[in-house]
Amino acid sequence: MEPVRRIVGRALPLARADVDTDQIIPSQWLKRLERTGYGPGLFEAWRKDPAFVLNDPRYDGAVVLLAGANFGSGSSREHAVWALLDAGFRAVVAPRLADIFRNNALRNGLVPVETDADTVAKLVDTVRRDPTTSIAIDVERSTVEAPGLRATFVLDEFSRTRLLEGLDDIAVTLRHERDIGAFEAKRPEWLPRVR
Amino acid sequence: MGTTLSEKVWERHVVRRAPGEPDLLYVDLHLVHEVTSPQAFEGLRLAKRRVRRPELTLATMDHNVPTNDEPAEEISARQIEAMARNAREFGIRCYPTGDPRQGIVHVISPQLGLTQPGMTIVCGDSHTSTHGALGALAWGIGTSEIEHVLATQTIALTKPGTMAVIVEGVLPMDCAAKDVILGIIARIGTAGGTGKVIEYRGAAIRALSMEGRLTICNMSIEAGARAGMVAPDEVTFAWLEGRPFAPKGVQWQQALDDWRALATDADARFDSEVAIDASALRPYVTWGTNPAQSVTIDGDVPDPDALPAATRESARRALRYQDLTPGTPMREISVDAVFIGSCSNARLEDLRSAAEVVRGRHVRSGIRGLVVPGSMGVKADAEREGLDRIFTDAGFEWRDAGCSMCLGMNPDILRPGERCASTSNRNFEGRQGPGGRTHLVSPAVAAATAIAGHFALPSDLR
Ligand code: SF4
């Protein structure tokens, strides 16, 4: 994973609550064997509507998605995160993100920005009024800024370091291989093994 | 102060704990399927890593597979072949299509006795919460985490919160486990369990069969929870005894002693508690596009203006998508298709309850009825009882095991605008095919609806 320190750029005001992963990337797109190439499938069904915000050229090049509460609910498909990244997004701002989606985002360097509903609403307003507004997200300080607005978001220490340093999670865990081995030696005999 | 079931299972699996870091947890069982795993195996290959414990890993094919005699189309076939290849290359046991043990991953593992109390189980699928019905701590993970578990047999996670959903009282006659969980989600909402493990407690939960508990835990994720659990008891032990992977002989006794110690202590406290009166529940039907948007079958399509302000906009959008008018009685809504299947409701008990309703009757003309057993094992059991004949005589299609119309990855999809009564767990827009409209119900209501042509209870049929 590439390190992520700061994201600066335009935002897309999606501003809908309960957007599930089936909307972010429909199941027909889950047949691919790669981690890339999902961009065209992002919000595929909604995109058929010319009035859908993603079709509005004023928001072309947006790197921040302004979402509603409970964004990313539903399935565990990491393809939802891959599709957002593939379409150019680097951060998702919402009052609350679904658990698995948030985990998946962190593992791919898509910054999950959970901040209060009021801040999200203000950001949406600002961007709707002026789509060229630039939003800055600072991972180290956990802040999101727009002209006349500055808010913080919740990011635990571990996740922050992981984003800032672009760590390979598996390599980090394998440093503790001795602990894993010691644990394995004590597991009860009756636990099932697939043979 | 005592600890809860989920905390006990968590603590037993901590491999490493350090300040400011998530716990590193050991994974007892990793279930793998063809759709979310290819990129994880590819990652291992690129980094020249192996699977640490192949014998704690089981693969099958379910999401993509055809459930009739047609061959899989080319792209699905590629994914199915990739699963077989990856399993071979990394030394993992795989139950492929055509194997008598193949089926939906969350149906086969409990059925084979692989899912046991006190275990940690993960799978690249959000409905892994299903396995909590046996007292396991089980949750869905993404593809990067799959790769991590394959390589290390562990997962790094922050400890979830705890929530108790206590269901007391006796469930009315025509209510099933599905109605209990739909009722719970209607009450706590799609984010009601966010960040928490729900423990389902109370007399009404104890009274449920293992199949019913699996249905309830299955939909924990629909309430936003990380996982759902039921404390192991005599129902659990009776279910497990004698299954292929269950402990045998002396080990069975050791395991039983261990499992009995898992229950939440009397003085333990949950972060939050919700009480539900089972006797006040009714069969539910969803009207909207998330599982919290439901009413009882005696109700009407709601008027968004009468709903709490925060849910109004999404209710309006849902009604537009579902093409429903406020005030319409649910019983007057007719359907084009009925799907009895999925990891929510395609176990033997579910098929029996549907078969009982359709026996000697016929599916309303114009309705497509699909019965897709959750596993080839369930299919074989059902056929031994003659359930297949009851369904086919009534005009249903009787299929092989797979996810099928639950998520519409194989050719079993709704056409745009078609309306379906479905025993699955998600009614998201387009879930069963682009433009399709899904209403979640229990197997008995799905069966009665197929006969009546509109939403109905078995007792509505003449
Ligand atoms: S049956 Fe449906 S919910 Fe269950 S694993 Fe398959 S696709 Fe997911």
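In what follows, every chain begins at residue 1, and chains take the letters A, B, ... in the order their sequences are listed. Fair warning: this is a prediction, and the values are worked out from it, not measured in the lab.
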Selection from Pro38(B), Ala47(B), Ala255(B) maximising heavy-atom pairs under 4.5 Å formed with chain A: Ala255(B)
Verdict with reasoning, Arg49(B) to Leu174(A), per side chain to side chain contact (heavy atoms under 4.5 Å, CB included): CA-CA 11 Å; Arg49(B) 285 172 175 142; Leu174(A) 288 176; 4.1 Å; yes
Residue part contacting chain A, namely of Leu407(B), when any heavy atom lies under 4.5 Å: both
Partner chain B: residue of Leu191(A), Thr173(A), Asp179(A) with the largest heavy-atom pair count (under 4.5 Å): Thr173(A)
Atom group of Gln254(B) that falls short of 4.5 Å from chain A, counting heavy atoms: both
Region of Ala82(B) that comes under 4.5 Å of a non-hydrogen atom in chain A: side chain
Which atoms of Thr128(B) approach chain A - backbone, side chain, both or neither, heavy atom under 4.5 Å: neither
Atom group of Ile221(B) that falls short of 4.5 Å from chain A, counting heavy atoms: side chain
Inter-residue atom distance Arg193(A).CZ - Asp28(B).CG, 0.5 Å rounding: 11.0 Å
Validation row: Leu114(B), Val194(A) side chains within 4.5 angstrom (heavy atoms): yes
Mutual orientation of the aromatic rings belonging to His13(B) and Phe183(A) [parallel < 30°, tilted 30-60°, perpendicular > 60°]: tilted
Portion of Ala80(A) that has a non-hydrogen atom of chain B nearer than 4.5 angstrom: neither
Least distance between heavy atoms, Leu30(A) atom then Gln79(B) atom: O-NE2, 2.7 Å
Region of Leu157(B) in contact with chain A, defined by heavy-atom distances below 4.5 Å: side chain
Partner chain B: residue of Arg107(A), Glu78(A), Arg195(A) with the largest heavy-atom pair count (under 4.5 Å): Glu78(A)
Greatest number of heavy atom pairs closer than 4.5 Å to chain A - which of Gln116(B), Glu42(B), Lys248(B): Gln116(B)
Option in Arg77(A), Arg16(A), Glu157(A) with maximal non-hydrogen atom pairs under 4.5 Å from chain B: Arg16(A)
Pairwise side-chain contact, Met1(A) with Ser144(B), heavy-atom cut-off 4.5 Å (strictly under): no
Sub-4.5 Å side-chain heavy-atom contact between Ile180(A) and Arg16(B): no
Structural part of Val14(B) lying under 4.5 Å from a heavy atom of chain A: backbone
Glu189(A), part contacting chain B, at a heavy-atom distance under 4.5 Å: both
Contacting moiety of Asp169(A), where chain B heavy atoms sit under 4.5 Å: both
Step-by-step side chain to side chain contact (heavy atoms under 4.5 Å, CB included) determination, Thr36(B) to His79(A): CA-CA 9 Å; Thr36(B) 54; His79(A) 313 65; 4.2 Å; yes
Nearest atoms (heavy-atom pairs only) where Ala151(B) meets Ile170(A): CB-CG2, 3.8 Å
Distance (rounded to the nearest 0.5 Å) between Ile146(B) CD1 and Ser76(A) OG: 6.5 Å
Atom group of Asn64(B) that falls short of 4.5 Å from chain A, counting heavy atoms: side chain
Steps toward side chain to side chain donor-acceptor pair (under 3.5 Å) verdict (Thr190(B), Asp18(A)): CA-CA 8 Å; Thr190(B) 52; Asp18(A) 283 318; 3.1 Å; yes
Per-residue contact mode, Glu313(B) against chain A (heavy atom under 4.5 angstrom): neither
Which atoms of Ile100(A) approach chain B - backbone, side chain, both or neither, heavy atom under 4.5 Å: side chain
Inter-residue atom distance Ile80(B).CD1 - Lys31(A).NZ, 0.5 Å rounding: 9.0 Å
Arg78(B) and Leu33(A): CA distance, side-chain angles, deciding distance, side chain to side chain contact (heavy atoms under 4.5 Å, CB included) verdict: CA-CA 9 Å; Arg78(B) 261 207 315 152; Leu33(A) 302 174; 3.8 Å; yes
Heavy-atom proximity to chain A below 4.5 Å, by part of Glu73(B): side chain
Chain A contact via Arg426(B) - side chain, backbone, both or neither, heavy atoms under 4.5 Å: side chain
Ion pair Arg187(A)/Glu55(B), N-O distance below 4.0 Å: no
Residue part contacting chain B, namely of Ala98(A), when any heavy atom lies under 4.5 Å: neither
Worked check of salt bridge (Lys or Arg N to Asp or Glu O under 4.0 Å) between Glu21(B) and Arg175(A): CA-CA 14 Å; Glu21(B) 288 183 30; Arg175(A) 282 189 218 143; over 6 Å; no
Crowding at CD1, Ile75(B) (>12 non-hydrogen neighbours, <6.0 Å): no
Residue, of Asp258(B), Thr158(B), Thr311(B), that accumulates the most heavy atom pairs under 4.5 Å with chain A: Asp258(B)
Pair Arg320(B) + Asp49(A), salt bridge at N-O below 4.0 Å: no
Residue part contacting chain B, namely of Asp168(A), when any heavy atom lies under 4.5 Å: side chain
Selection from Trp190(A), Trp82(A), Trp46(A) maximising heavy-atom pairs under 4.5 Å formed with chain B: Trp190(A)
Pair Glu184(A) + Arg53(B): basic N to acidic O under 4.0 Å: yes
Check: Gln39(B) side chain, Thr36(A) main-chain N or O, donor-acceptor pair, under 3.5 Å: no
Contact class of Thr194(B) relative to chain A, heavy atoms under 4.5 angstrom: both
Per-residue contact mode, Arg12(B) against chain A (heavy atom under 4.5 angstrom): backbone
Euclidean distance, Arg35(A) CZ relative to Thr143(B) OG1, rounded to 0.5 Å: 6.5 Å
